[in-house]
Amino acid sequence: MESDRLILRRWTEEDAAALYKYASDRDVGPRAGWQAHESIEDSKDVILKYFSNDCTWAIVLKSTNEPIGCIGYYTHDASNIPIGDDDCEVGYWIGKPYWNQGLCTEALRLMLDYCLNVKHFKNIWADHFTGNPASGRVMEKCGFRDTGMINKCSHLIGGDKDMVKIYQFAK
């Protein structure tokens with residue numbers, strides 16, 4: 001998948017150093033529900049265990065060819081929130097040096113197009129921790145609406161104490 005500034009592509013083991021560069025920042029992971037990476041080996045393990053699938057892509061900046069974040073979708077079985085069998089939940093994060101530049105919005109638009117036109121999901125959902133309203137603004141720019149529902153997500157770090165706001169894509 002490709003936009004003006006980004007390419008979404010599969011992760012490779014060779015991306016471990018770039019992943020660590022951004023995922024080791026303690027301002028990034030906890031906002032998305034995971035711990036900051038402690039080493040390049042941690043990042044390599046994440047790539048091999050969690051990112052090597054058909055649902056997860058590296059967000060690559062075209063100008064540098066470097067992965068600067070991650071985006072993907074979860075089906076009913078893996079979702080943070082109660083969704084239907086024909087639905088998906090999208091999730092994303094981007095390195096702090098790239099915040100507030102519209103890059104997450106650009107990546108999410110690519111993912112929405114894929115989920116709707118290639119995977120043909122019926123409904124698309126997303127959520128964010130209540131303490132991370134910037135993620136909600138990205139969702140709203142892409143056509144999501146706040147459902148007014150909140151949820152605990154116990155399989156996310158902090159998900160038992162910090163609630164998430166649930167959004168649904170409005171077609």
Side-chain angles (χ1 to χ4, degrees), residues 1-25 27-80 83 86-128 132 134-139 141-144 155-157 167 169 171:
M1 292 176 268
E2 192 170 330
S3 66
D4 290 341
R5 299 180 291 170
L6 302 174
I7 297 170
L8 303 186
R9 65 155 171 83
R10 301 295 180 201
W11 287 92
T12 68
E13 288 183 52
E14 291 76 30
D15 294 326
L19 176 58
Y20 175 71
K21 180 178 177 180
Y22 301 111
S24 62
D25 186 326
D27 285 338
V28 175
R31 290 174 188 258
W34 45 268
Q35 294 178 344
H37 295 196
E38 299 293 332
S39 68
I40 292 175
E41 280 302 312
D42 282 353
S43 295
K44 184 177 178 181
D45 287 345
V46 166
I47 290 169
L48 293 173
K49 291 178 184 174
Y50 302 105
F51 292 176
S52 295
N53 58 55
D54 293 334
C55 306
T56 308
W57 290 263
I59 300 172
V60 178
L61 194 61
K62 277 185 178 180
S63 63
T64 63
N65 202 34
E66 177 185 47
I68 59 168
C70 186
I71 194 163
Y73 68 87
Y74 306 95
T75 57
H76 175 266
D77 296 336
S79 177
N80 292 322
I83 62 175
D86 296 328
D87 298 352
C88 76
E89 174 193 351
V90 294
Y92 51 85
W93 65 267
I94 199 161
K96 192 173 181 179
Y98 301 99
W99 290 1
N100 300 312
Q101 297 178 33
L103 292 166
C104 267
T105 302
E106 201 169 312
L108 184 54
R109 286 185 177 135
L110 287 172
M111 183 56 49
L112 285 169
D113 182 65
Y114 180 81
C115 288
L116 290 169
N117 298 314
V118 176
K119 299 303 289 184
H120 305 288
F121 288 113
K122 183 176 177 184
N123 295 293
I124 302 174
W125 303 84
D127 60 27
H128 69 82
N132 185 12
S135 189
R137 286 192 297 277
V138 168
M139 294 170 197
K141 288 178 191 175
C142 291
F144 284 82
H155 67 279
L156 295 176
I157 302 297
Y167 287 69
F169 181 69
K171 297 179 186 175

What's the shortest heavy-atom distance between [X] and [Y], and which atoms?
{"X": "Cys142", "Y": "Thr105", "value": "SG-O, 3.5 Å"}
{"X": "Trp99", "Y": "Ile94", "value": "NE1-O, 2.9 Å"}
{"X": "Asp27", "Y": "Asp25", "value": "N-OD1, 2.7 Å"}
{"X": "Lys62", "Y": "Leu6", "value": "CE-O, 3.7 Å"}
{"X": "Ser43", "Y": "Ala16", "value": "CB-O, 3.5 Å"}
{"X": "Asn53", "Y": "Cys55", "value": "OD1-N, 2.7 Å"}

Contact check, side chains of [X] and [Y], non-hydrogen atoms, under 4.5 Å:
{"X": "Met1", "Y": "Met111", "value": "yes"}
{"X": "Pro67", "Y": "Arg9", "value": "yes"}
{"X": "Trp11", "Y": "Thr56", "value": "yes"}
{"X": "Ser79", "Y": "Trp125", "value": "no"}
{"X": "Phe169", "Y": "Asn123", "value": "no"}
{"X": "Phe144", "Y": "Leu108", "value": "yes"}
{"X": "Lys96", "Y": "Tyr22", "value": "no"}

Ignoring hydrogens and angles, tell me if any N or O in the side chain of [X] forms a donor-acceptor pair with the backbone of [Y] under 3.5 Å.
{"X": "Ser24", "Y": "His37", "result": "no"}
{"X": "Arg5", "Y": "Ser63", "result": "no"}
{"X": "Asp42", "Y": "Glu38", "result": "yes"}
{"X": "Tyr92", "Y": "Ser135", "result": "yes"}
{"X": "Glu89", "Y": "Ile83", "result": "no"}

Subject >> Tyr74 atom OH: more than 12 heavy-atom contacts under 6.0 Å >> reply: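 No.
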**OP:** Please check if atom CG in Asn100 has more than 12 non-hydrogen atoms from other residues, nucleotides or ligands closer than 6.0 Å.
**Re:**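 Not more than 12 within 6.0 Å, no.
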Separation between [atom1] of [X] and [atom2] of [Y], rounded to the nearest 0.5 Å:
{"X": "Glu13", "Y": "Ile47", "atom1": "CD", "atom2": "CD1", "answer": "8.0 Å"}
{"X": "Ile59", "Y": "Leu8", "atom1": "CD1", "atom2": "CG", "answer": "6.5 Å"}
{"X": "Asn65", "Y": "Ile7", "atom1": "CG", "atom2": "CD1", "answer": "6.0 Å"}
{"X": "Cys104", "Y": "Arg137", "atom1": "SG", "atom2": "CZ", "answer": "12.0 Å"}
{"X": "Thr75", "Y": "Asp54", "atom1": "OG1", "atom2": "CG", "answer": "11.5 Å"}
{"X": "Leu19", "Y": "Asp15", "atom1": "CG", "atom2": "CG", "answer": "8.0 Å"}

Original post:
Would you say the side-chain atoms of Thr12 and Glu14 include a donor-acceptor pair closer than 3.5 Å?
Top reply: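 A pair is found: one side chain offers a donor N or O, the other an acceptor, under 3.5 Å apart.
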Original post:
Which class fits the ring pair Tyr114 and Trp57: parallel under 30°, tilted 30 to 60°, perpendicular over 60°?
Top reply: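 Taking Trp57 first and then Tyr114, their aromatic rings stand perpendicular (interplane angle over 60°).
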Subject >> Set of residues satisfying ring-ring contact (aromatic ring centres under 6.0 Å, His included) with respect to Tyr73, sequence neighbours excluded >> reply: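 Here the qualifying residues are Phe121.
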